[in-house]
K.L.:
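Provided herewith is a single structure, encoded as structure tokens, for subsequent inquiry.
We count residues from 1, following the sequence as given. Excluded from the calculations below are hydrogen atoms, water molecules and symmetry mates; all remaining heavy atoms, backbone and side chain alike, are included.
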Amino acid sequence: MYKMTRRHVITTISTSAVLLCPAILNAQTNLDTEWADIPDNKPIGEDRLITIGADTSEVDVSELLPGEVTVIARPTENTEFSATGMMQYIAVHRLTEEQIAFGAVNDRDGTVQNPEYFVVNLLCTHRGKAIGITGNPEAPFACTDRGSRHSSVYDATGFGISGASEGEYLSIPEHTITADGGQVVVTLT
């Protein structure tokens with residue numbers, strides 16, 4: 001089993017409007033300007049990712065506090081991930097009380113196994129570019145391709161609220177979440 005530690009916390013998405021590009025790059029509040037020169041194929045801050053193998057893997061994410069995000073990276077043979085170098089980047093976001101309430105009202109059927117944790121592929125539905133973590137609690141995910149015909153932004157349920165992916169959901173990886181006695185384990189299949 002892989003274990004998430006405090007050094008794997010990518011960001012806290014609570015009430016701060018400070019923006020972070022894929023994984024950890026500090027930025028200001030304008031995605032189009034501040035994210036103009038970031039790579040669109042992988043997260044920045046790879047030293048903070050939890051890197052696992054391609055097989056079924058368990059990751060203990062018990063250390064996540066409300067609002068915090070960690071990112072798991074694993075190789076894949078799925079060509080859907082060709083724009084990210086055949087790496088599947090998966091965010092595990094422990095939600096705040098406000099985000100849990102928003103998710104209860106707005107979640108798509110069958111995707112939430114545990115309302116405290118949102119597990120999502122960081123892969124834009126438009127052209128398969130990497131998704132960055134914005135730090136904005138209402139729109140925590142955004143495509144790293146900020147071109148005029150791209151620029152997708154997603155809410156806390158992974159629903160596209162603007163840009164080329166407006167009206168579409170980010171994909172959910174095959175996973176289970178087990179919470180037992182304070183230990184929270186995400187199993188990726």
K.L.:
How long is the straight-line distance from CZ of Phe81 back to CG of Asn121, given to the nearest 0.5 Å?
P.N.:
4.0 Å
K.L.:
Quick one: do Leu95 and Val71 end up in the same hydrophobic cluster if we chain Ile, Leu, Val, Met, Phe, Trp and Tyr together by side-chain heavy atoms under 4.5 Å apart?
P.N.:
yes
K.L.:
Find the distance between CE (Met86) and CG (Asn78) and round it off to the nearest 0.5 Å.
P.N.:
6.5 Å
K.L.:
What is the distance from atom CD1 of Ile161 to atom CD of Glu138, rounded to the nearest 0.5 Å?
P.N.:
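One finds 8.5 Å between CD1 of Ile161 and CD of Glu138.
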K.L.:
How close do Pro137 and Gln99 get, counting heavy atoms only, and between which atoms?
P.N.:
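It is O-NE2, 3.6 Å.
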K.L.:
Can you tell me how far the CG atom of Asp155 sits from the OH atom of Tyr169, to the nearest 0.5 Å?
P.N.:
7.0 Å
K.L.:
A side-chain contact here means heavy atoms from C-beta on lying under 4.5 Å apart; do Leu49 and Tyr89 qualify?
P.N.:
yes
K.L.:
Looking only at heavy atoms, which two atoms of Thr84 and Ala130 are closest? And how far apart?
P.N.:
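Of all heavy-atom pairs spanning Thr84 and Ala130, the closest is CG2-N, 4.0 Å.
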K.L.:
Are Phe159 and Asn106 side-chain neighbours, meaning at least one heavy-atom pair lies under 4.5 Å?
P.N.:
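No, every pair of side-chain atoms sits at 4.5 Å or beyond.
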K.L.:
Within the 4.5 Å heavy-atom criterion, are Ile131 and Cys143 side-chain neighbours or not?
P.N.:
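In short, these two side chains touch, coming nearer than 4.5 Å.
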K.L.:
Could you state whether Val185 and Tyr2 fall into the same hydrophobic cluster, counting links through intermediate Ile, Leu, Val, Met, Phe, Trp or Tyr residues with side-chain heavy atoms under 4.5 angstrom apart?
P.N.:
no
K.L.:
Are Phe102 and Thr157 close enough that some pair of their side-chain heavy atoms sits under 4.5 Å apart?
P.N.:
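Yes, their side chains come closer than 4.5 Å.
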K.L.:
Considering only heavy atoms from C-beta outward, does the side chain of His8 approach that of Glu63 to under 4.5 Å?
P.N.:
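No, their side chains stay 4.5 Å or more apart.
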K.L.:
Testing Val153, Val120, Val69 for side-chain contact (heavy atoms from CB on, under 4.5 Å) with Phe141, which one passes?
P.N.:
Val120
K.L.:
Tell me whether Thr134 contacts the main-chain N or O of Ala142 through its side chain, where contact means a donor paired with an acceptor under 3.5 Å.
P.N.:
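No; judged by distance alone, with no hydrogens or angles, the pair does not exist.
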K.L.:
In sequence, state the C-alpha distance, the side-chain angles, and the governing distance for Arg6 and Leu65, and then conclude on side-chain contact (heavy atoms from CB on, under 4.5 Å).
P.N.:
CA-CA 10 Å; Arg6 298 303 305 157; Leu65 299 175; 3.9 Å; yes
K.L.:
Are the side chains of Pro75 and Met87 in contact, using a 4.5 Å heavy-atom criterion?
P.N.:
yes
K.L.:
For residues Arg74 and Leu188, report the shortest heavy-atom separation together with the two atoms involved.
P.N.:
NH1-CB, 3.5 Å
K.L.:
Would you say Ile72 and Val9 are hydrophobically clustered, going by side-chain heavy atoms of ILVMFWY under 4.5 Å?
P.N.:
yes
K.L.:
CG/Leu123 to CG/Leu170 distance, rounded to the nearest 0.5 angstrom?
P.N.:
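Rounded to the nearest 0.5 Å, the CG-CG separation comes to 8.5 Å.
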K.L.:
If I compare all heavy atoms of Thr189 with all of Thr56, which pair ends up nearest, and what's the gap?
P.N.:
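Closest heavy-atom pair between Thr189 and Thr56: CA-OG1, 3.7 Å.
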K.L.:
Are the side chains of Cys124 and Tyr154 in contact, using a 4.5 Å heavy-atom criterion?
P.N.:
yes
K.L.:
Test Gln88 against Thr76 for side chain to side chain donor-acceptor pair (under 3.5 Å), laying out the working first.
P.N.:
CA-CA 6 Å; Gln88 181 181 16; Thr76 182; 5.0 Å; no
K.L.:
Work out which heavy atom in Gly128 is nearest to a heavy atom in Ala83; give both atom names and the distance.
P.N.:
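That would be O-CB, 3.3 Å.
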K.L.:
For the CZ atom of Arg94 and the OG atom of Ser62, what is their distance to the nearest 0.5 Å?
P.N.:
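Answer rounded to 0.5 Å: 9.0 Å.
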K.L.:
For a 4.5 angstrom cut-off between non-hydrogen side-chain atoms, does Thr178 reach Val184?
P.N.:
no
K.L.:
Has Ser165 got a side-chain atom pairing as donor or acceptor with His126's backbone, closer than 3.5 angstrom?
P.N.:
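Such a contact is found between Ser165 side chain and His126 backbone.
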